[in-house]
Amino acid sequence: MAKQSKNEKMENIVSLAKRRGFIYPGSDVYGGLSGTWDYGPLGVTLKRNIMNLWWKMFVEDREDMFGVDAAILMNQKVWQASGHVDTFVDPLCEDTLNHRRFRTDHILKDAGVDAEGMTMAQMDEAIETNGIKSPDGNPLSKSRTFNMMFETHVGATHDERSVSYLRPETAQGIFTNYKNVVDSFYPDLPFGLAQQGKAFRNEISPRDFIFRSREFEQMEIEYFVDPGEWEASFDALLKDIYAYLEALGLPLENIHELEVPAEDRAHYSKRTIDIEYDFPIGKEELLGLAYRTDFDLGNIQRVGGRGMEYTIKGTNTKFIPHVIEPSFGVERALMAVLSAAYTEDEVNGEKRVVMKFPEHLAPVKYAVSPLLKNKPELVEKAREVYSILKKKHGAVMWDDNGNIGKRYRRQDEIGTPYCVVIDFDTLEDDTVTIRYRDTTEQTRCSISELR
Ligand code: ATP
């Protein structure tokens, strides 16, 4: 929180998101629930536009990708075999006086010590040697591991056999369906399975708005390749990731590749790139691209006992395919889009806040207004124009609240690219004013052109 309050741009975005109906703190009326966020009318559309664009670019537009949508609750064996039950942990330390709990690597990071690659013992040592205290100024305990999966029970009995988890990633729901899809479609290698959906992690310290939440959405692909040809697919997917980030309107200079060094990678991974973004909170992970070898399918074959081998058509060549995994977080993409779009400028000597979303992401494409709302003839004409645009574009807002200047300010804040105003000239010559968000320029065009 302290970090956020220092960061004015982030604070402005959080406050605009709430004020204008994009994102609200979860369970707010009951005092909130840390790490959860609710999407308002504009937020849900913006988020959907981001997810639909991904689905279009990575699934619909391609021949080599197949979509799946697996259940969130899965057999506990999935999470045992994947290693999540034993190793999906973060280091947790505690304020020894008030017992508030923190992620040890975050405590170190906030104190300017990079904990990447450190063991838990090394982190504790760094806390001691640097004299680091809790944010409340008290001594910290030694660290212990904390498993981030939310545990639950399936069915009416609560025993070890009924344990399940809210999935901490969507990836495993893809691996468990690999064989099903191969049996139904028998695609040629390389091919990918893609999934979007909720993931849950009991983060020790959720923070930085939606960046680190306890409930969030992922968009993941498992791309199955011949082990000898993984590098070409890895490079191609990296290029596709950049095309998507560009379509989100993210400036290239804010995107960075972190080649994760061998000692920080999962033991099975031969290459991982974290794509980082210059968020207002600093440079942080936006998404990951990892070469996971045959780790996951191999585990399923070993533990589940089902053959995961792929047979090259017309041959006896069989092997477990290797996997390249691009893993996107929707909230992080959304936060990057919000921060790239957030702009302050000056119009006629007045400060203006404008969300410069790319047009295809903007939750509202057109706002339609009668110049004066107490003139029935203007309202009637404006309603006619509204219906025409609404039928064509869907994402059209009726706005007759306050004077025209106020309406423009409001539409700028929600990122509406075009405001269409119906005035007395419209009644004479069927032309309307179009006002452009980015330049504030106004032009006239005929209603038939709008059509
Ligand atoms: P971090 O190191 O930031 O905790 P991670 O490396 O654990 O992230 P992955 O397990 O690789 O993350 O998950 C893939 C993607 O899911 C991340 O790149 C991120 O976009 C998203 N993600 C992960 N955890 C969260 C979270 N708590 N809140 C929002 N998005 C998340």
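Counting starts at 1 for both ligands and their atoms, following the listed order.
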Tell me whether ligand 1 is touched by Leu286 - counting only heavy atoms on the residue side and a distance under 4.0 Å. yes
Between ligand 1 and Gly329, is the shortest N or O to N or O distance under 3.5 Å? yes
Residues 250-259 vs salt bridge (charged side-chain N to carboxylate O under 4.0 Å, His left out), sequence neighbours excluded, gives Glu259-Arg271
Which residue and non-hydrogen atom of the protein lie closest to atom 11 (O) of ligand 1, and at what distance in Å? Glu285 OE2, 3.7 Å
Determine, considering heavy atoms only, which of Ala336, Pro326, Ser213 sits nearest to atom 28 (N) of ligand 1. Ser213
Nearest non-hydrogen protein atom to atom 16 (O) of ligand 1, with distance, is Gln218 NE2, 3.2 Å
Aromatic ring proximity, centroids under 6.0 angstrom, Tyr366 and His393: yes
Assess the pair Phe58 and Phe328: is the distance between their ring centroids shorter than 6.0 Å? yes
Fit a plane to each ring of Phe224 and Phe175, take the angle between them on a 0 to 90° scale, and name the class: parallel (under 30°), tilted (30 to 60°) or perpendicular (over 60°). perpendicular
With nothing but distance in play, are any N or O atoms of Arg212 less than 3.5 Å from an N or O of ligand 1? yes
Does the Glu413 side chain pair with the main chain of Val353, one donor and one acceptor, at a distance under 3.5 Å? no
Starting from atom 14 (C) of ligand 1, find the nearest protein heavy-atom neighbour and note its residue, name and distance. Ser327 OG, 3.0 Å
Pair Lys47 + Glu217, salt bridge at N-O below 4.0 Å: yes
Atoms of ligand 1 less than 4.0 Å from Leu287 heavy atoms? 18 (O)
Identify the closest protein heavy atom to atom 29 (C) of ligand 1: which residue and atom is it, and at what distance? Phe211 O, 3.1 Å
Taking the minimum heavy-atom distance to atom 7 (O) of ligand 1, which of Arg201, His106, Glu169 ranks first? Arg201
Which word best sums up how the rings of Phe185 and Phe66 line up, parallel for under 30°, tilted for 30 to 60°, or perpendicular for over 60°? tilted
Name all pairs fulfilling the salt bridge (charged side-chain N to carboxylate O under 4.0 Å, His left out) condition that reach into residues 150-161, sequence neighbours left out, sorted by first residue then second. Asp159-Arg161
Which protein heavy atom lies closest to atom 31 (C) of ligand 1, and at what distance to 0.1 Å? Phe216 CE1, 3.4 Å
